[in-house]
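Bear in mind the structure is a predicted one, so any value in this text is a computation, not a measurement. Lettering follows sequence order; numbering is per chain, from 1.
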There are 2 protein chains.
Amino acid sequence: MKGLETTIIPEPSLRRLPLYHQILELELENNTEFISCSKIAEMLDFTPIQVRKDLSYINLIGMPKKGYKVIELKDEIENFLGWNRNDEAFLVGAGNLGKALLSYAKLKDKGLTITAAFDKNKNLAGENFFGVTVFDISKFQELTYRMKIHIGIITVPAPEAQKVADIMVKSGIRGIWNFAPSKLNVPEKIIVQDVNLSSYLAVLSQKLK
Amino acid sequence: MKGLETTIIPEPSLRRLPLYHQILELELENNTEFISCSKIAEMLDFTPIQVRKDLSYINLIGMPKKGYKVIELKDEIENFLGWNRNDEAFLVGAGNLGKALLSYAKLKDKGLTITAAFDKNKNLAGENFFGVTVFDISKFQELTYRMKIHIGIITVPAPEAQKVADIMVKSGIRGIWNFAPSKLNVPEKIIVQDVNLSSYLAVLSQKLK
DNA sequence: TAGATTGTTAATCGATTAACAATC
DNA sequence: TAGATTGTTAATCGATTAACAATC
């Protein structure tokens, strides 16, 4: 039994864990057995100290002089991130961006399976993209209840995002992954994760100057 | 003439500016004339202090008791972010994600126009998506030189991203917006902006627990 | 053994938050 | 005028970096 007191991981560290995982997958393909923080850092242009600190939030001991066993560290990160559990999500907006996400098979390896897509365009209902069936948006609530889904993905244009969010909230969705460039108005208890391309673009342009 | 000493904006503040801009566009549609930091903060679930601090990096004075003129603040943010200049970019990878970006008309309002797309699939050469022509990847270098492009967007699958980055570097691209979940190996002087979905997903899952 | 690397505590740095004078 | 809000300087908080003992 572990202590009750668990240091919670800072968000910046949490965001870096998937990057470490990606490196570990590459190294595993090369049959590397051990990897050190310095090696990981070098590959990602981070500092070794930062990598070591980040990994300290994970339940794993490395070996002095050798580093971490690649397979163990990879598994432990997956474990920490919950990538071996499998969450199901519903996606709303079967346009190009929606289809891009549906086609992205790697999501499954990261614990997320999109089990159905929805769209307001009735012509799309019944279509199948990358093995995922599209339903009319009117079916969202019923199916969410029936399949006990609690993650929703929004890939509709900005002006429709709020309407979709309202439907999701009403249907009992607890977490929303929002790809529309709109600030969603939802009850406090709903988790919203925004992917805002404009912010990236602002940083890129600034750095280019 | 301004002083030589300009306080540079912290990256977190820079990333928030586009969010403020979005709010201002909404308010402008509503014909709101003035807006205060508190109002902006309330709409985005930020603190008023943070908004005020962020806006202080921008060259604009507000009016005590009233706030900022919506139109002025909007223009000044656009100016600060360089959204009235227009940069041209080439996109490589005309799959679903690539098409999603090509269809996203709002990019133009943010100073970025994608003027051509490239793909290694020769069947796509000559196709036109949302007004943008697709060329074979072999044409990338020549067209980049000729059109003096210095921003590249990578929307190919992970295993091909490095190859594309190499072509971009060789062609004189200075900034890369990378949507592939791979760490790119490029010379130090090249700016890379990664959009890593796994990091978002990690944060969302963590918060849901 | 010597040396490299981990794990962890302490120091530093930078962003966020607070405080408050200036102003309309 | 009183009160709300800006603009800016100071205090706080948290993440990053440094330092160093422990270990194989």
Side-chain angles (χ1 to χ4, degrees), chain A residues 2-3 5-17 19-20 23-24 27 32-70 72-74 76-77 80 199 202-203 206-207, chain B residues 2-3 5-17 19-20 23-24 27 32-70 72-74 76-77 80 199 202-203 206-207:
Chain A
K2 293 236 216 68
E5 195 75 35
T6 346
T7 322
I8 91 133
I9 189 168
E11 204 175 298
S13 300
L14 178 59
R15 277 200 300 265
R16 283 188 294 265
L17 289 183
L19 310 182
Y20 301 150
I23 296 295
L24 294 166
E27 288 303 305
T32 318
E33 198 177 358
F34 287 92
I35 195 163
S36 69
C37 291
S38 335
K39 184 69 196 300
I40 296 174
E42 189 202 314
M43 295 178 79
L44 289 167
D45 291 321
F46 293 164
T47 66
I49 304 136
Q50 185 167 61
V51 176
R52 199 149 69 245
K53 184 78 182 194
D54 288 344
L55 295 185
S56 77
Y57 295 106
I58 280 189
N59 188 28
L60 180 76
I61 47 165
M63 291 168 77
K65 192 127 156 73
K66 288 184 133 180
Y68 302 89
K69 238 187 158 169
V70 175
E72 275 183 16
L73 183 52
K74 177 174 162 285
E76 207 47 58
I77 290 178
F80 187 93
S199 296
V203 174
Q206 188 78 5
K207 286 186 177 163
Chain B
K2 296 239 215 65
E5 195 75 33
T6 345
T7 323
I8 91 133
I9 188 169
E11 205 176 297
S13 300
L14 178 59
R15 278 199 300 262
R16 282 187 295 264
L17 289 182
L19 310 182
Y20 302 149
I23 296 295
L24 294 166
E27 288 303 305
T32 317
E33 200 178 356
F34 287 92
I35 193 162
S36 69
C37 290
S38 333
K39 185 71 198 302
I40 297 176
E42 189 201 315
M43 295 178 78
L44 289 167
D45 292 322
F46 294 164
T47 67
I49 305 138
Q50 184 166 63
V51 176
R52 197 148 70 247
K53 184 79 183 194
D54 287 345
L55 295 184
S56 78
Y57 295 107
I58 280 189
N59 189 28
L60 180 76
I61 46 167
M63 293 169 75
K65 191 129 161 67
K66 290 184 131 180
Y68 302 88
K69 237 184 160 172
V70 175
E72 275 182 16
L73 184 52
K74 177 174 161 289
E76 207 46 59
I77 290 178
F80 188 93
S199 296
V203 174
Q206 188 78 8
K207 285 186 179 163

Quick one: is dA15(D) close enough that its OP1 or OP2 comes under 4.0 Å of any side-chain N or O from Y57(A)? no
Please tell me if R16(A) has a side-chain N or O lying less than 4.0 Å from either OP1 or OP2 of dT16(D). yes
Ranking K53(B) and K66(B) by the position along DNA chain D of their nearest nucleotide, the one closer to 5' is K66(B)
Kindly point out which of dT5(C), dG3(D), dT17(D) is positioned nearest to the side chain of S36(A)? dT5(C)
Considering only side-chain heavy atoms of P12(A), which listed nucleotide, dT8(C), dA15(C), dT16(D), is closest? dT16(D)
Report each atom pair, protein N/O against N/O of nucleotides 20-22 of chain C, whose distance is under 3.5 angstrom.
none

Any base atoms under 4.0 Å from [X], or only sugar-phosphate, or nothing? Heavy atoms, all strands.
X	value
T47(B)	sugar-phosphate
I61(A)	sugar-phosphate
I58(B)	nothing

Considering all heavy atoms, the nearest [X]-[Y] contact:
X	Y	value
R15(B)	L19(B)	O-CG, 4.1 Å
C37(A)	P48(A)	CB-O, 3.9 Å
I8(A)	Y57(A)	O-CE2, 4.2 Å
M43(B)	I23(B)	SD-CG2, 3.6 Å
M63(A)	F34(A)	SD-CE2, 3.5 Å
L55(A)	L17(A)	CD2-CD2, 4.5 Å

Can you check the [X] [atom1] to [N] [atom2] distance for me, whole Å?
X	N	atom1	atom2	value
F34(B)	dT6(D)	CZ	P	12 Å
I49(A)	dT8(C)	CD1	C1'	13 Å
L14(B)	dA15(C)	CG	P	12 Å
L55(A)	dT8(C)	CG	P	12 Å
Q50(A)	dT8(C)	CD	C1'	16 Å
I35(B)	dT5(D)	CD1	P	12 Å
I9(B)	dG14(C)	CD1	C1'	14 Å
N59(A)	dG7(C)	CG	P	11 Å

Residues 42-55 of chain A vs side-chain hydrogen bond (donor to acceptor under 3.5 Å, both in side chains), sequence neighbours excluded, gives S13(A)-D54(A), R16(A)-D54(A), Y20(A)-D54(A), D45(A)-K183(B)
Worked verdict on Q206(A) versus I9(B) for side chain to side chain contact (heavy atoms under 4.5 Å, CB included): CA-CA 10 Å; Q206(A) 188 78 5; I9(B) 188 169; 4.2 Å; yes
E76(B) side chain near K69(B) side chain, heavy-atom distance below 4.5 Å: no
Between C37(A) and K65(A), which has a closest nucleotide on DNA chain C that is more 5'? K65(A)
With pairs defined as Watson-Crick or G-U wobble and both distances under 3.5 angstrom, please note down DNA chain C as a dot-bracket string, | for pairing with another strand. ..||||||||||||||||||||||
Evaluate the side chain to side chain contact (heavy atoms under 4.5 Å, CB included) criterion for residues I40(B) and F46(B): first the C-alpha distance (whole Å), next the side-chain angles of each, then the deciding distance (0.1 Å), finally the verdict. CA-CA 8 Å; I40(B) 297 176; F46(B) 294 164; over 6 Å; no
